[in-house]
Trainee: 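Below is the structure I would like to discuss, written out as structure tokens.
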Amino acid sequence: MQLKFFAASLITVAHIVNAAGLVDTLTSIKANTLIALVKSEPDILKALSTFKGTLFAPTDAALAATVKAGFNASDLSALAQVLTYHVVPAAFPSADFAGSAYLTTLEGSELKAVKTDSGITINSASVVTSTPYDGGVIHTIDATLIPPANVVNVAASANLTSLISTIKAANLAATVGGLKNVTILAPTDEAFAAIASVVATLSLDQISQILLAHIIPGFVLSSDIVAAKSIAAVPTKDGAETLSVKFDGTNVLISAAGNKAPAKVIAADVLADNVIVHVIDTVLLPNLVSASPSASASYVASTAAASSAPPASKTNLYSGSAISALSGVAASIAAALFL
């Protein structure tokens, strides 16, 4: 599929050699509101004049709805974040695209592209038209793309209240919220309730160890697990703990040393700010040892730094659209941004 996608990219580039510049093309397709917003940010306007890649351009109606929802376009910092989340420094042709893919934006976060029977979706927006320009392609979309919140806010929006409470109790909220390029396995409230009697006997050091067992350096997508079928030792906590991950043909199952039965992934590939989240139905229990909370917090920060390089492959073949289990997350994030 990658060769097919690359070939389609070359065909698209060949077609746009004689096309107009990006800003002129935006003018020709009457993206009036987007042009006005871009012009209010001179640095972005200057960058786009020589930009090569893909721009996802919300319609005037989509941007008007965003402003009506309360977005303050005069907040230049927030505006720059939203605008750069629509820009991908690589060709993304709509022709012949199939399946799904993750696209890294100039803002730094990921977009999820999915081909459906009705067309191509980018996160929750649909591609309406595609127009080449001399450096790439503009895909007009019917909704504004909202940059994802940090993982703590995403967990709060998904009502993972026990996870949030445990993170705060271990004094890890700030460091977990600042994680980049990691995978987090997020247990449900029911999962924490099932081990409530155990948690009550643990020190903060041991609670920190449990939380760290749910953090994997780098992105581990559901497609990686499905393709591999089984990954015997996924490292966590600076190599002190490993997880066993496998796909049984129906479910993705994850086990730690102290688990009698594996955790099941019930919602996969949820996007946070440079973090991938998988919601699981069981708390992972490592072999607990003595550790200081400061050492644990330092590990979280060092893990984020060590994982700064993006993964080479970000395709997602997970069946069943498990992300629908968190359908309220996008609305909650949007509300947090616009209110």
Side-chain angles (χ1 to χ4, degrees), residues 19-49 51 53-89 92-94 103-116 118-133 135-150 153-154 157 271-273 323-324 326-339:
L22 190 153
V23 176
D24 289 340
T25 304
L26 285 174
T27 302
S28 71
I29 63 175
K30 301 187 186 323
N32 300 321
T33 303
L34 180 59
I35 292 172
L37 290 173
V38 167
K39 286 183 176 179
S40 69
E41 268 286 354
D43 289 342
I44 294 178
L45 178 62
K46 181 180 179 180
L48 289 181
S49 65
F51 174 73
T54 301
L55 173 68
F56 295 101
T59 62
D60 285 357
L63 289 168
T66 301
V67 172
K68 186 176 180 180
F71 179 68
N72 180 10
S74 63
D75 182 341
L76 296 185
S77 177
L79 177 61
Q81 183 182 20
V82 170
L83 289 176
T84 52
Y85 189 56
H86 290 74
V87 180
V88 175
F92 178 73
S94 56
L103 311 173
T104 302
T105 67
L106 286 183
E107 185 268 340
S109 301
E110 309 292 314
L111 295 172
K112 184 178 181 180
V114 178
K115 178 64 178 292
T116 68
S118 57
I120 295 175
T121 61
I122 307 298
N123 289 0
S124 59
S126 296
V127 174
V128 179
T129 60
S130 297
T131 308
Y133 73 98
V137 62
I138 299 170
H139 297 297
T140 302
I141 53 177
D142 64 0
T144 304
L145 302 173
I146 306 303
N150 72 51
N153 290 338
V154 168
S157 299
L271 295 179
D273 183 10
I323 196 171
S324 63
L326 297 178
S327 59
V329 172
S332 298
I333 294 173
L337 179 63
F338 294 147
L339 295 181

Trainee: What are the two closest heavy atoms between Thr84 and Gln81, and how far apart are they?
Mentor: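 Smallest heavy-atom distance, with atoms named: OG1-O, 3.2 Å.
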Trainee: Do Phe92 and Val127 come close enough that some side-chain heavy atom pair is under 4.5 Å?
Mentor: no
Trainee: Output the distance between atom CG (Leu45) and atom NZ (Lys39), rounded to the nearest 0.5 Å.
Mentor: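 That separation rounds to 7.5 Å.
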Trainee: Does the side chain of Thr144 come within less than 4.5 Å of Phe71's, by heavy atoms?
Mentor: no
Trainee: Applying the side chain to side chain contact (heavy atoms under 4.5 Å, CB included) test to Ser126, which of Thr116, Thr140, Ile141, Thr121 qualifies?
Mentor: Thr121
Trainee: Determine whether Ser40 and Leu79 make a side-chain contact, defined as any pair of heavy atoms from C-beta on separated by less than 4.5 Å.
Mentor: yes
Trainee: Would you say Ser74 and Asn72 are linked by a side-chain donor-acceptor pair, where the criterion is simply a distance under 3.5 Å?
Mentor: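 Note: Asn72 and Ser74 side chains meet the donor-acceptor criterion.
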Trainee: If every non-hydrogen atom of Leu37 is compared with every non-hydrogen atom of Ala73, which pair is closest and at what distance?
Mentor: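 That closest heavy-atom pairing would be CD2-CB, 3.8 Å.
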Trainee: Ignoring hydrogens, what is the shortest heavy-atom contact between Ala57 and Ile138? Give both atom names and the distance.
Mentor: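 Between these two residues, the closest heavy atoms are CB-CG2, 3.8 Å.
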Trainee: Between CG of Leu111 and OG1 of Thr54, what distance do you get to the nearest 0.5 Å?
Mentor: 10.0 Å
Trainee: Is the shortest side-chain heavy-atom distance between Leu106 and Pro89 below 4.5 Å?
Mentor: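 Side chain of Leu106 against side chain of Pro89, heavy atoms only: contact under 4.5 Å found.
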Trainee: Is it the case that the side chains of Glu110 and Thr104 hold a donor-acceptor pair, with the cut-off being a distance below 3.5 Å and no angle test?
Mentor: yes
Trainee: Quick check: do Leu26 and Leu55 have side-chain heavy atoms less than 4.5 Å from each other?
Mentor: yes
Trainee: Once rounded to the nearest 0.5 Å, what's the spacing between atom OG1 of Thr59 and atom CG of Asn32?
Mentor: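 With rounding to 0.5 Å, OG1 (Thr59) is 11.5 Å from CG (Asn32).
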Trainee: So, do Ile120 and His139 sit near enough that their side-chain heavy atoms are less than 4.5 Å apart?
Mentor: no
Trainee: How far does OG of Ser124 sit from NZ of Lys112, to the nearest 0.5 angstrom?
Mentor: 12.0 Å
Trainee: Between Thr25 and Pro132, what is the shortest heavy-atom contact and its length?
Mentor: CG2-O, 3.8 Å
Trainee: Kindly give the heavy-atom pair with the smallest separation between Leu34 and Leu63, and that separation in Å.
Mentor: N-CD1, 3.6 Å
Trainee: Does the side chain of Phe56 come within less than 4.5 Å of Val88's, by heavy atoms?
Mentor: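 Yes, at least one pair of side-chain atoms sits under 4.5 Å.
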Trainee: To the nearest 0.5 Å, tell me how far Ile146 CD1 sits from Thr66 OG1.
Mentor: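 The OG1 atom of Thr66 is 5.5 Å from CD1 of Ile146, to the nearest 0.5 Å.
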Trainee: With a 4.5 Å cut-off on side-chain heavy atoms, are Val23 and Tyr133 touching?
Mentor: no
